[in-house]
Amino acid sequence: MGHVNSMAMPIRSTYRTLLKSLLQPRLILRARKAIGTESLSSIKLNYRFHYLRVTKRNTPFKNQAMKLREAIYSFHYTTLNKVFDKGCVELFVEGGAVLWRSELDPALTIVLKQGVPEYRDGEIELQFRQGVRTIFVMGFVIIPPNSIYKKSEYGVLVTRVQGTPEYLKVFKGIRDSVLDVGVNHLLFAALRGVAAYIGVKNIYGVGTHLQSYVLPERFARFDKCYDQFWELLQATKMPNGFYQIPIPYVDKDITLISQHHRSRARRKRGFKNSIIESVFSSIRILNPYAANRLSNSWFLPKYQLDN
């Protein structure tokens with residue numbers, strides 16, 4: 001996924017964006033202000049007119065009011081400004097900030113990266129890479145209270161969980177290095193570390209119908225990739241089609257797993273927990289001056305460490 005010029009959009013799309021901007025200039029001005037701080041200057045420089053995305057189809061709020069999209073956009077970047085130092089922001093805007101590296105295969109990394117401007121789902125991404133190749137992505141955005149549903153809390157919304165066409169082939173070669181844990185679950189573990197550092201208490205996920213790129217002819221595939229993914233994580237399905245997972249996340253009770261598979265389950269959990277800790281620690285190291293200290297090393301229920 002290389003950098004794409006954010007100005008490279010179809011003429012029709014440009015005209016539609018301009019028209020909407022003229023109709024509601026106050027919303028655009030607020031969005032622009034959200035990325036106008038010194039610590040986010042690299043985003044403003046490298047993603048010209050990025051704030052105009054509040055008028056476009058981004059996140060699963062494509063059918064919602066522009067006012068809601070602006071509120072989410074502005075909250076997302078206002079929060080990034082509070083929790084990340086300028087140097088860290090520059091890292092994930094340019095090449096990406098490495099938050100985890102495999103001890104068994106150092107070519108495998110998890111990287112925090114500002115999303116490619118042409119993608120309209122997640123505003124920021126966790127990327128699983130093999131060398132310089134990105135083979136799996138989890139896009140997310142930080143959302144304010146009451147944006148998912150009435151009385152929903154401040155949290156992280158996962159908008160995209162997607163592997164590249166060569167993912168399955170690559171996974172066969174790295175399976176032993178990741179203890180046979182699916183890369184989507186490794187990225188979820190990394191997200192738990194990010195969420196803990198930010199200090200949110202909920203991770204939300206889009207259901208199949210809310211995924212921006214779902215098409216009727218591909219519904220079965222999307223259904224398997226999204227709804228089943230959240231169900232495996234024991235997420236609670238909300239009436240409006242979103243999923244909710246509280247943080248700290250609690251794994252399935254180990255006693256409900258057959259004795260034959262418990263040792264394997266413990267190894268996998270230990271591996272994922274090590275990723276959470278690595279991500280959390282890496283972000284703290286990259287942000288020595290950040291104002292956010294809400295998390296206070298809070299990311300794992302203590303009793304789970306003994307399971």
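All figures in this text were calculated on a predicted structure; none of them were measured in a lab.
Formation of a donor-acceptor pair under 3.5 Å by the Asn146 side chain with backbone atoms of Lys151 is found in this model. With hydrogens and angles ignored, the 3.5 Å screen pairs no side-chain donor or acceptor of Ser147 with any backbone N or O of Ile143. The closest donor-acceptor contact from the side chain of Arg267 to the backbone of Leu179 lies at 3.5 Å or more, if one exists at all. Checked by atom type and distance alone, the side chain of Trp230 pairs as donor or acceptor with a backbone atom of Val206 at under 3.5 Å. With hydrogens and angles disregarded, no donor-acceptor distance shorter than 3.5 Å links the side chain of Asn184 to the backbone of Phe229.
Looking at Met138 and Leu191, their side chains come closer than 4.5 Å, going by heavy atoms from C-beta outward. Counting only heavy atoms from C-beta outward, the side chains of Val141 and Ile72 approach each other to under 4.5 Å. Asn287 has its side chain within reach of Tyr197: a pair of non-hydrogen atoms, C-beta onward, lies under 4.5 Å apart. For the pair Phe140/Val194, a side-chain contact is recorded, criterion being any heavy-atom separation below 4.5 Å from C-beta on. Contact check for Tyr77 versus Glu123: side-chain heavy atoms found under the 4.5 Å cut-off. Within the 4.5 Å cutoff, the side chain of Ser278 has no heavy atoms near those of the Leu99 side chain. Two residues are said to be in side-chain contact when any heavy atoms from C-beta on lie closer than 4.5 Å; Arg266 and Ile254 meet this criterion. Side-chain contact between Gln234 and Val250: absent, with no pair of heavy atoms (C-beta onward) separated by less than 4.5 Å.
Taking the salt bridge (charged side-chain N to carboxylate O under 4.0 Å, His left out) definition, one finds that Arg30 meets it with Glu70, sequence neighbours left out.
Hydrophobic cluster membership differs between Phe128 and Val111, with clusters built from Ile, Leu, Val, Met, Phe, Trp and Tyr side chains linked at under 4.5 angstrom. In the hydrophobic clustering of this structure, Val98 does not group with Phe271; members are Ile, Leu, Val, Met, Phe, Trp, Tyr whose side-chain heavy atoms approach within less than 4.5 Å, directly or through other members. The same ILVMFWY cluster, assembled from side-chain heavy atoms under 4.5 Å apart, contains both Phe171 and Leu186. Grouping the Ile, Leu, Val, Met, Phe, Trp and Tyr side chains by contacts below 4.5 angstrom, directly or via other members, places Phe242 with Tyr149. Residues Ile174 and Leu168 fall within the same hydrophobic cluster, defined by Ile, Leu, Val, Met, Phe, Trp and Tyr side chains chained together at heavy-atom separations under 4.5 Å.
Residues Ala190 and Ile110 share a closest heavy-atom pair of CB-CG2, 3.9 Å. Between Phe84 and Ile283, the shortest heavy-atom distance links the atoms CE2-CG2, 3.7 Å. Here the shortest heavy-atom pairing between Ser42 and Val89 reads OG-CG1, 3.5 Å. Among all heavy-atom pairs drawn from Gln114 and Val93, the shortest one is CB-CA, 4.0 Å. Looking at every heavy atom in both residues, Ile257 comes nearest to Arg262 through O-NE, 2.8 Å. When all heavy atoms of Ile245 and Ala235 are compared, the pair lying nearest together is CG1-CB, 3.4 Å.
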Could you go through Lys86 and Glu38, starting from their C-alpha distance and side-chain angles, then the distance that decides it, and tell me whether this counts as salt bridge (charged side-chain N to carboxylate O under 4.0 Å, His left out)? CA-CA 7 Å; Lys86 181 181 178 181; Glu38 176 64 19; 2.5 Å; yes
Verdict with supporting geometry, Ser152 and Tyr204, side chain to side chain contact (heavy atoms under 4.5 Å, CB included): CA-CA 10 Å; Ser152 64; Tyr204 299 96; 3.9 Å; yes
Candidate pair Tyr243 and Asp227, rule side chain to side chain contact (heavy atoms under 4.5 Å, CB included), full reasoning: CA-CA 9 Å; Tyr243 287 86; Asp227 287 350; 3.3 Å; yes
Please step through side chain to side chain contact (heavy atoms under 4.5 Å, CB included) for the pair Lys113 and Ile124, ending with a clear verdict. CA-CA 6 Å; Lys113 180 76 170 68; Ile124 195 168; over 6 Å; no
Mind running side chain to side chain contact (heavy atoms under 4.5 Å, CB included) on His185 and Leu233 for me, showing each step along the way? CA-CA 9 Å; His185 290 273; Leu233 292 171; 3.8 Å; yes
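Applying the side-chain hydrogen bond (donor to acceptor under 3.5 Å, both in side chains) definition to pairs two or more places apart or across chains, those involving residues 88-106 are Asn46-Glu94.
The CG atom of Leu80 sits 8.5 Å away from the OG atom of Ser39 when rounded to the nearest 0.5 Å. Distance check: Ile142 CD1 to His76 NE2 gives 5.5 Å after rounding to the nearest 0.5 Å.
Here Lys237 does not pair with Glu231 in a salt bridge; the nearest charged N to carboxylate O distance is not below 4.0 Å.
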